[in-house]
Number of protein chains: 2
Amino acid sequence: MGRQPSAKPTSFDIAYLAGVSQPTVSRALRGSKSVSAATRANIQRIAQELNYTVDKNASSLRSQRTHTLALLFFEDPNPDESMINPFFLSMLGSITRECARRGYDLLISFQQMHNDWHVTYQDSHRSDGIILLGYGDYQLYLTKLEHLVEMGTKFVRWGSVSEDGIGLTVGSDNVGAGEQAGAHLVEIGRRRIAFLGDASDHAPEFQDRYNGLCRAMRAAGLEPDPALQRDAVSSEDSGYAAARSLIESGQTFDAVFAASDLIAIGAMRALTEAGLRLPHDVAVIGFDDIPAASLTTPTLTTLMQDMKGAGSLLVDALLARIDDRPVEQRILPARLIRRQSTAV
Amino acid sequence: MGRQPSAKPTSFDIAYLAGVSQPTVSRALRGSKSVSAATRANIQRIAQELNYTVDKNASSLRSQRTHTLALLFFEDPNPDESMINPFFLSMLGSITRECARRGYDLLISFQQMHNDWHVTYQDSHRSDGIILLGYGDYQLYLTKLEHLVEMGTKFVRWGSVSEDGIGLTVGSDNVGAGEQAGAHLVEIGRRRIAFLGDASDHAPEFQDRYNGLCRAMRAAGLEPDPALQRDAVSSEDSGYAAARSLIESGQTFDAVFAASDLIAIGAMRALTEAGLRLPHDVAVIGFDDIPAASLTTPTLTTLMQDMKGAGSLLVDALLARIDDRPVEQRILPARLIRRQSTAV
DNA sequence: ATATTATGCGTATACGTATACCCTATGGCG
DNA sequence: CGCCATAGGGTATACGTATACGCATAATAT
């Protein structure tokens, strides 16, 4: 009873009470097998009683391992600052859970493309590695990634998975998903399918989706019409503008495959305003299955990415990278969610 | 050139190059005024050149300050694990930004109401304080909070602001927002206004909103009918069920004030299915202004909470609490967003 | 001119843990 | 009965920084 309740116990306190030395406490709690079962049990009991916790800072300082990962969202600074891509937000849940399961803490930050991630997070020993999520200026982005590789920073990013990519990338099977979308539209009888989304190599994921669409069309004996492709970034406004451009061009089309749900939602607004009936005149497919997709009129058919799988895959891959183990899986399948916007 | 590029520089390296002692480097970089301007400038230049960063673990260990806050979402374990209350998610952006602005890192975690937050985060020196966000089993919740207070844990939570609350709470002006909702419905001629949301003291925020509604009605000479109140938690399904219950009861009503947008969206589905025309037969107001609110049919009138303000207020309050300074502001105003669901 | 105070910095050390290394006792084996 | 391996754990120390304290020198006061 003479102890100060406010003073947090250290491993020395435990050691004293257990009649052993401080290193033995450390060894016992970390599971070293050079401690007898009886001693270990005793130490654990005492630690429990005193509500002892290993000091994270001291532990990290000594072991040079933080058991912390950093999650960086980097998007172009948005006029509406509080707006975050909903798709990435929903990945957050699975990432945090996977981190917790693996005993890792998660630091989170939104970055405006600064130059010093490695300095900020790895060199200052805040985290053992970095998860990168986001779109943005792709060229600028690549430059930064090369820099990270040079600095030996451990990181993994979500994106288009290809062998020549910079650093380690995991992502959905975008080509396969594009094929599913195309096949579905062909199946319901559509012939002239428009694609809304940047198809250049500035947006590899969108490009993959477009390539998948083209492949499905060709497999059905249709030739994709390049005039039916319109660039768009992932936002409602951009989707609206792209659809307007398509409508005003006078091209005929009976389906729209939007590279993201946000684009699709904007496009549906433009199409409806133009007096087109959905899905009768134009069928629409989105990508991501954000919560809003089931609230639109008509509800939006879309490709659902495996968000839960994505989170654990990202964490798995990063931990493998940190421990210099080979990374097993890198690609996740997507699933077609059929709703009213393609129900004819 | 003989230096190892991979070895991270320490304050000793800087000190050696600057011809001073290590503590002087520490003082210079932390802005102590007992270092001459010339020395400081020189040290900063060298640190810059070497890409030196203060080791976070060593710094935190020595100073017993982590400059890190922990954000805890605690909700009842959901069957759909990846579902997070969208309102809290949008608060995330402003919290991270405010932390960054103040030079704090942010740890994030989802908790299933475990007992040991303080152990996990404060006692193990992972963070200086905790931000709590979430609904959940309110009684259980209160017990945990009392425990936190006992342990001397620094924390702040989002919720119903009242003087007798446990710990430090900041939140929206729920009563005032409820009044705005009520006044608006009265203004468009509605007399029999239903409230969907738990009005017991298990959900103080909802209760406040209901009280605000009642106040506005009485101010207009109307007496709220308790039969028009239905309990609901913040989910679509719960809103749907509550609205069904109301419809089946045979009560007449010409407006619904839902305690959250999710409840409102579920209720609108039930109302529409029952053949009621919105807003002609029944006007609907929600709460939160989640992104989906502008996508429903009809679009949803709602009360927008000041999310950006909320984030900075939470961080401000917590930092004040950590430094034992008085907390200035605790209540944020909400704003009525008029959309189609009340446009008559 | 001496006493006083402030300035600028070095010396020593603490923060709490993890690990390399060393030592002792025990048992197995030939 | 001597030899070595092994279990079990102690001793010493490093991780990199921040701070209490002391000590000069210079600036001011008296």
Side-chain angles (χ1 to χ4, degrees), chain A residues 4 6-44 46-47 50-68 103 105 119 122-126 128, chain B residues 4 6-44 46-47 50-68 103 105 119 122-126 128:
Chain A
Q4 318 252 25
S6 62
K8 283 169 204 117
T10 73
S11 52
F12 283 96
D13 297 331
I14 313 291
Y16 176 76
L17 292 175
V20 298
S21 70
Q22 176 268 327
T24 299
V25 172
S26 175
R27 281 188 283 249
L29 296 179
R30 311 213 66 239
S32 158
K33 61 187 192 119
S34 72
V35 163
S36 75
T39 307
R40 180 195 317 287
N42 190 33
I43 287 175
Q44 279 171 337
I46 296 175
L50 293 198
N51 250 313
Y52 168 78
T53 319
V54 173
D55 186 293
K56 189 82 189 297
N57 299 123
S59 174
S60 297
L61 174 60
R62 176 61 235 243
S63 66
Q64 303 291 64
R65 274 292 224 113
T66 65
H67 277 266
T68 299
D105 285 336
V119 174
Q122 182 151 313
D123 290 358
S124 62
H125 289 292
R126 283 162 156 87
D128 296 333
Chain B
Q4 316 252 27
S6 61
K8 281 166 206 121
T10 73
S11 53
F12 283 96
D13 298 329
I14 313 291
Y16 176 75
L17 292 174
V20 297
S21 69
Q22 177 269 327
T24 300
V25 172
S26 175
R27 282 187 284 247
L29 296 179
R30 311 215 69 238
S32 158
K33 60 185 193 122
S34 71
V35 167
S36 75
T39 306
R40 178 196 317 286
N42 190 34
I43 288 174
Q44 278 171 337
I46 295 175
L50 293 198
N51 251 314
Y52 168 77
T53 318
V54 172
D55 185 294
K56 190 82 191 296
N57 299 123
S59 173
S60 297
L61 174 60
R62 177 60 235 244
S63 66
Q64 303 291 62
R65 274 294 222 112
T66 64
H67 277 267
T68 299
D105 286 336
V119 173
Q122 181 150 313
D123 289 358
S124 63
H125 288 293
R126 281 162 159 85
D128 297 332

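- Between the B/Asn42 side chain and the B/Thr39 main chain, no donor and acceptor come within less than 3.5 Å of each other.
- Residue A/Thr39 is in sugar-phosphate contact alone, with no base atom involved, counting any heavy-atom pair closer than 4.0 Å across all strands shown.
- A/Val35 and A/Arg27 get closest at one heavy-atom pair: CG2-CB, 3.8 Å.
- Side-chain atoms of B/Arg40 come within 3.5 Å of backbone atoms of B/Ser32 as a donor-acceptor pair (strictly under, hydrogens ignored).
- A pairwise comparison of heavy atoms in B/His67 and B/Gly103 identifies ND1-O, 4.0 Å as the closest pair.
- Taking 4.0 angstrom as the limit, A/Ser11 places none of its side-chain polar atoms (N or O) nearer than this to OP1 or OP2 of C/dG16.
- Note on B/Thr24: only backbone sugar-phosphate atoms sit closer than 4.0 angstrom, heavy atoms only; bases stay farther off.
- Checking A/Ala58 against A/Val20, the closest nucleotide of DNA chain D that is more toward the 5' end is the one next to A/Val20.
- Taking 4.0 angstrom as the limit, B/Tyr52 places none of its side-chain polar atoms (N or O) nearer than this to OP1 or OP2 of D/dG16.
- For B/Leu61 and D/dG16, the CG to C1' distance is 9 Å, given to the nearest whole Å.
- For the pair A/Ser59 and C/dT17, the criterion of a side-chain N or O lying under 4.0 Å from OP1 or OP2 is not met.
- Note on B/Arg27: a base of the nucleic acid sits closer than 4.0 angstrom, heavy atoms only.
- Counting only N and O atoms by type, the side chains of A/Ser124 and A/Arg126 include a donor and acceptor under 3.5 Å apart.
- As rounded to whole Å, 10 Å separates atom C1' of C/dT19 from atom CD of A/Gln22.
- Formation of a donor-acceptor pair under 3.5 Å by the A/Lys56 side chain with backbone atoms of A/Thr66 is found in this model.
- Note: CZ (B/Phe12) to C1' (C/dT13) measures 11 Å, nearest angstrom.
- Counting distance only, with no hydrogens placed and no angle test, the side-chain atoms of B/Arg62 and the base atoms of C/dG16 include no donor-acceptor pair under 3.5 Å.
- Counting non-hydrogen atoms under 4.0 angstrom, A/Thr10 reaches the backbone sugars and phosphates but no base.
- Here C/dC9 presents its P atom at 18 Å from CZ of B/Arg30, a figure rounded to the nearest Å.
- Atom-to-atom, CG of A/Leu29 to P of D/dG9 comes out at 13 Å; the value is rounded to the nearest Å.
- The separation between A/Tyr16 atom OH and C/dG16 atom P is 19 Å, rounded to whole Å.
- For B/Ile43 and D/dA18, the CD1 to P distance is 12 Å, given to the nearest whole Å.
- Nearest to the side chain of B/Ser63, among D/dA18, C/dT19, C/dG8, sits D/dA18.
- D/dT17 atom C1' lies 14 Å from atom CG of A/Asp55, rounded to whole Å.
- Using a 4.0 Å heavy-atom criterion, one finds that A/Val25 contacts no nucleic acid atom at all.
- Taking only side-chain nitrogens and oxygens, A/Ser36 comes nearer than 4.0 Å to OP1 or OP2 of D/dG9.
- The residue B/Ser21 sits close to a base: some heavy atom pair falls under 4.0 Å.
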